[in-house]
Amino acid sequence: MSVIIVGSIALDTVKTPVEEHADLLGGSASYAALGASFFSPVRLVGIVGDDFPASEFEFWKARNIDAQGVQRARGKTFRWSGEYAWDLNTRETKSVALNVFEHFQPVLPEAFRQTEFVLLANIAPALQAHVLDQVQRPRFVVADTMDLWIETTRPELNALLPRLDLLILNDSEAREMTGETSLIKAGRRIRESGPRFVSIKKGEHGALLFGEDEFFSCGAYPLEDIHDPTGAGDTFAGGLAGYLAGTVKGEVGFADLRKAIIYGSVLASFNVEKFSLERLRNLTQDEIADRYRMFKLMSQFEVLP
Ligand code: AMP
């Protein structure tokens, strides 16, 4: 099964304490689409300007990412710039230029409208809703969000929540959204406001998953060298949604989501090893399978006979 992915497609400038790179390919949809493409075909929806490299369209094609839903507009591509502190965990946004995004009205190509799996990667909730409106009978809808939307477009975000199967957000966002210090209480509260499942990401400390009466917690893959944490969350969401679309035949259950979260974490852990999408571009299925096995071994605490 395919998965529709809508989100930002960007040119980023990223600064870490040791390196700075400009005009990197980024954006929530770029990371999510490439992450998902390891497990299922992707139908990408977004917008780029005339400064966007044409070679990327070729790359998408080669990766089974259908870019029919990516509009090419006159003007500049969305630009974002961020700087990381020495711990590579805290990040400051230095600048954002919406450019062609300012007047973006996503229109799903006819061929996309029957897609069963949908990932609303991080963009304004009104745009996420607009895309969802055009999908005829979505089977499983995942959305990601960020602090900006919790702070500036809360009514639109609240209206989207009951339409979601799974909401993904990070720990500080979950606390901000609910006013709860405890992530367990926050996860439960968010679930009660609409989505059937909620996943709270804790950066280098892993992720939590909440269902009606179910709970799951996993660690992150312990990496020695992180070069660029940008897009980790988007790659997590893409890997997770791609895994569900590519493997789950019937109703998506909690057991499927547990595995999807591990695959999302595996993909995200590779992504941060290099700048931009460079690591994902060269990643192989064998490497994914090896790291998945490592995750399994790491989460066992009883020695098996
Ligand atoms: P993450 O590191 O997972 O938070 O995602 C970083 C990516 O999000 C970068 O490649 C940015 O281009 C993109 N991004 C940053 N701010 C926004 C925004 N307001 N809307 C959509 N995408 C954004």
Side-chain angles (χ1 to χ4, degrees), residues 5-16 21-36 44-49 51-52 56 70 76-85 87-102 104 106 119-128 130-131 142-153 156-157 168-174 176 199-204 207 220 226-241 264-265 267-280:
I5 299 184
V6 61
S8 60
I9 301 173
L11 294 174
D12 292 340
T13 297
V14 177
K15 190 172 179 200
T16 70
H21 294 277
D23 294 337
L24 295 169
L25 195 86
S28 57
S30 310
Y31 283 106
L34 194 47
L44 184 58
V45 179
I47 189 166
V48 298
D51 55 352
F52 190 78
E56 206 53 30
V70 178
K76 285 190 173 159
T77 301
F78 174 77
R79 278 177 188 261
W80 172 84
S81 143
E83 182 172 346
Y84 290 90
D87 66 354
L88 289 181
N89 240 330
T90 30
R91 176 173 80 191
E92 198 186 326
T93 292
K94 289 289 180 191
S95 65
V96 179
L98 289 178
N99 298 332
V100 291
F101 245 99
E102 206 166 339
F104 178 45
L119 169 56
L120 309 169
N122 177 33
I123 42 164
L127 287 177
Q128 294 178 316
H130 188 64
V131 167
V142 182
D144 190 8
T145 194
M146 74 187 293
D147 49 1
L148 178 67
W149 314 125
I150 296 170
E151 289 154 20
T152 62
T153 59
E156 287 91 336
L157 181 59
I168 302 175
L169 72 180
N170 71 29
D171 42 9
S172 60
E173 292 157 356
E176 188 176 356
S199 175
I200 300 181
K201 299 167 290 176
K202 301 185 293 171
E204 62 184 326
I226 295 177
H227 285 270
D228 174 14
T230 310
D234 311 314
T235 310
F236 173 84
L240 184 158
S265 305
L267 268 281
S269 75
F270 280 115
N271 178 58
V272 301
E273 290 180 348
K274 288 193 176 165
F275 269 77
S276 182
L277 298 153
E278 289 320 306
R279 187 64 180 94
L280 295 185

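Whatever order the structure lists them in is the order used to number ligands and atoms, beginning at 1.
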Donor-acceptor pairs are to be reported for all side-chain atoms of residues 267-277 against protein atoms at under 3.5 Å, with residues two or more places apart or in another chain.
from   : atom 1 : to     : atom 2 : distance (Å)
Ser269 : OG     : Val266 : O      : 2.7
Ser269 : OG     : Arg291 : NH1    : 2.8
Asn271 : ND2    : Thr230 : O      : 3.1
Glu273 : OE1    : Arg279 : NE     : 2.9
Glu273 : OE2    : Arg291 : NH1    : 3.3
Glu273 : OE2    : Arg291 : NH2    : 2.8
Ser276 : OG     : Leu25  : O      : 2.7

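- With sequence neighbours excluded, no residue forms a side-chain hydrogen bond (donor to acceptor under 3.5 Å, both in side chains) with Thr153.
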Let me have the donor-acceptor pairs involving side chains of residues 92-101, under 3.5 Å, with sequence neighbours excluded, atom names and distances please.
from  : atom 1 : to    : atom 2 : distance (Å)
Thr93 : OG1    : Trp80 : NE1    : 3.3
Asn99 : ND2    : Thr77 : O      : 2.8

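- Within 4.0 Å of ligand 1, protein heavy atoms belong to Ser8, Ala10, Asp12, Gly26, Gly27, Tyr31, Phe78, Trp80, Arg91, Asn122, Met146, Leu148, Trp149, Thr230, Gly231, Ala232, Gly233, Asp234, listed by chain and number.
- Atom CH2 of residue Trp149 and atom CG of residue Leu169 lie 15.0 Å apart, to the nearest 0.5 angstrom.
- Under the 3.5 Å distance criterion, the side-chain polar atoms of Asp87 are matched with a main-chain donor or acceptor of Thr90.
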Side chain to side chain contact (heavy atoms under 4.5 Å, CB included) between Ile123 and Gln128, worked out: CA-CA 7 Å; Ile123 42 164; Gln128 294 178 316; 3.8 Å; yes
